[in-house]
Amino acid sequence: MTYQTYAYPGGELDLFADAKNWKKYWSDLIRPFIGRTVAEVGAGIGANSAHLSKGCASWTCIEPDAGLAARIEQRRAAGELEANCKVLVARLPELSPDITFDTILYLDVLEHIADDRNELVEAAKRLMSDGYLIILSPAHQWLFTPFDLAVGHVRRYTANDLQNLAPPGLRPRFFRYLDSVGMLASLGNALLLKSASPTSFQIQIWDQFMVPVSRHFDRLLRFRLGKSILAVWQAP
């Protein structure tokens, strides 16, 4: 298959890079499933790589946008990323199936991919035995807003959507909705503001005040409500 040169349409990556409470929340949930060799598909500017790669034997940033990949390289050269990080300007299906990983991550990425079903089939081929496939994505199509369009989202997901996408043979570990409080803000945007981009101030309010409350309420709600969904599968 031939792929065209890709340029990411969104401009929100820097805005969300400093959302420390949010990153700590979902990363605490997936850390037990981070293996020694990891591929982060759609690594963007490396914000998640910097947060999660410590302690891994290798961390491969797979990023099809050459400009974003160059920014990851710059961060690595500046010592902001671990020495175990490397960057591939590619899409995961372009990699040889002989290249395998303990963990493959799609962190706010799968919703950008038109053929998401085939993408996950290709990811499953590159998982080592007992390896983990992890997806974090925006939840609920009824929350789709001009912001989703502006950053190139094709869709949002429910737990059922992701269950139906799972490649045969992978065993589900959990599906959890996250950020129940933030969902109210997203609903307000969907119904009233219809904004194509949050402001830096809005991101700070959400991350500093809403996310910590969500961490408490999400557990009380047994992770059944939220604006994001986190899914983990394990290979045989």
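Along the sequence shown, residues carry numbers from 1. Reckoned from all heavy atoms, side chains included, excluding hydrogens, waters and symmetry mates. No experiment lies behind these values; they were computed from the predicted model shown.
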Between atom [atom1] of [X] and atom [atom2] of [Y], what is the distance when rounded to the nearest 0.5 Å?
| X | Y | atom1 | atom2 | result |
| --- | --- | --- | --- | --- |
| Trp26 | His51 | CH2 | NE2 | 6.5 Å |
| Leu15 | Thr199 | CG | OG1 | 8.0 Å |
| His216 | Leu221 | NE2 | CG | 9.5 Å |
| His112 | Tyr6 | NE2 | OH | 6.5 Å |
| Ser27 | Leu105 | OG | CG | 11.0 Å |
| Glu80 | Arg71 | CD | CZ | 10.0 Å |

Quick one, Ser228 with Trp22, criterion side chain to side chain contact (heavy atoms under 4.5 Å, CB included). Give me CA distance, side-chain angles, the key distance, then yes/no.
CA-CA 11 Å; Ser228 292; Trp22 175 238; 3.6 Å; yes
When you measure from the side chain of [X] to the backbone N and O of [Y], does any donor-acceptor pair fall under 3.5 Å?
| X | Y | answer |
| --- | --- | --- |
| Asp218 | Phe223 | no |
| Glu82 | Asn84 | no |
| Arg155 | Phe144 | no |
| Asp207 | Ile203 | no |
| Ser53 | Ala50 | no |
| Gln234 | Asp130 | yes |

Note: [X]-[Y] ion pair, threshold 4.0 Å (strictly below):
| X | Y | answer |
| --- | --- | --- |
| Asp28 | Arg215 | yes |
| Lys23 | Asp18 | no |
| Glu122 | Arg126 | yes |

Side chain to side chain contact (heavy atoms under 4.5 Å, CB included) assessment of Ile135 paired with Leu230:
CA-CA 6 Å; Ile135 294 172; Leu230 180 63; over 6 Å; no
Can you tell if the side chain of [X] reaches within under 4.5 Å of the side chain of [Y], non-hydrogen atoms only?
| X | Y | result |
| --- | --- | --- |
| Cys61 | Val41 | no |
| Leu149 | His153 | no |
| Leu143 | Leu187 | yes |
| Gln204 | Ser200 | yes |
| Leu162 | Ile229 | yes |
| Trp59 | Leu52 | yes |
| Leu225 | Met183 | yes |
| Trp233 | Ile134 | no |

In terms of hydrophobic clustering (I, L, V, M, F, W, Y; side-chain heavy atoms under 4.5 Å; direct or indirect links), are [X] and [Y] co-clustered?
| X | Y | value |
| --- | --- | --- |
| Leu136 | Ile45 | yes |
| Leu29 | Ile104 | no |
| Ile113 | Val154 | no |
| Leu170 | Leu107 | no |
| Leu127 | Val232 | no |

Is the distance from the ring center of His140 to that of Tyr157 below 6.0 Å?
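Between Tyr157 and His140, which both carry aromatic rings, the centre distance is not below 6.0 Å.
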Indicate, with yes or no, if the rings of Phe174 and Phe33 have centres closer together than 6.0 Å.
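Ring centres of Phe33 and Phe174 closer than 6.0 Å.
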Checking side-chain polar atoms at under 3.5 Å, does [X] have a donor or acceptor matched by the opposite partner on [Y]?
| X | Y | value |
| --- | --- | --- |
| Ser137 | Glu111 | yes |
| Tyr25 | Asp179 | no |
| Asp102 | Thr37 | yes |
| Glu119 | Tyr106 | yes |
| Arg156 | Gln141 | no |

Going through the checks in order, is the side chain to side chain contact (heavy atoms under 4.5 Å, CB included) test met by Leu133 and Thr103?
CA-CA 6 Å; Leu133 173 64; Thr103 306; over 6 Å; no
Closest contact, heavy atoms only, [X] versus [Y]:
| X | Y | result |
| --- | --- | --- |
| Pro212 | Asn21 | CG-ND2, 4.1 Å |
| Ile72 | Gly46 | CG1-N, 3.6 Å |
| Ala39 | Ile62 | CB-CD1, 4.0 Å |
| Pro138 | Asp108 | CD-OD1, 3.9 Å |
| Gly226 | Ala139 | O-CB, 3.8 Å |
| Leu95 | Ile99 | CB-CD1, 4.5 Å |

Within the supplied structure, the quantity of interest is the number of heavy atoms (other residues, nucleotides, ligands) at a distance under 6.0 Å from Arg36 CZ; does it exceed 12?
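Check fails, neighbour count at 12 or below.
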Is the CZ atom of Arg31 crowded by more than 12 outside heavy atoms at less than 6.0 Å?
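Above 12, so yes.
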Taking side chain to side chain donor-acceptor pair (under 3.5 Å) as the criterion, tell me which of Lys54, Glu63, Glu40 meets it with Ser49.
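Among Lys54, Glu63, Glu40, the one meeting side chain to side chain donor-acceptor pair (under 3.5 Å) with Ser49 is Glu40.
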Could you go through the side chain to side chain contact (heavy atoms under 4.5 Å, CB included) check for Val38 and Thr60 one step at a time?
CA-CA 6 Å; Val38 179; Thr60 303; over 6 Å; no
Start with the C-alpha distance between Lys125 and Asp98, add both sets of side-chain angles, then the distance that settles salt bridge (charged side-chain N to carboxylate O under 4.0 Å, His left out), and finish with yes or no.
CA-CA 9 Å; Lys125 293 177 184 176; Asp98 295 334; over 6 Å; no
Is Lys20 positioned over the aromatic face of Trp206, cation under 6.0 angstrom from the ring centre and no more than 45 degrees off axis?
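So Lys20 doesn't make the cation-pi contact.
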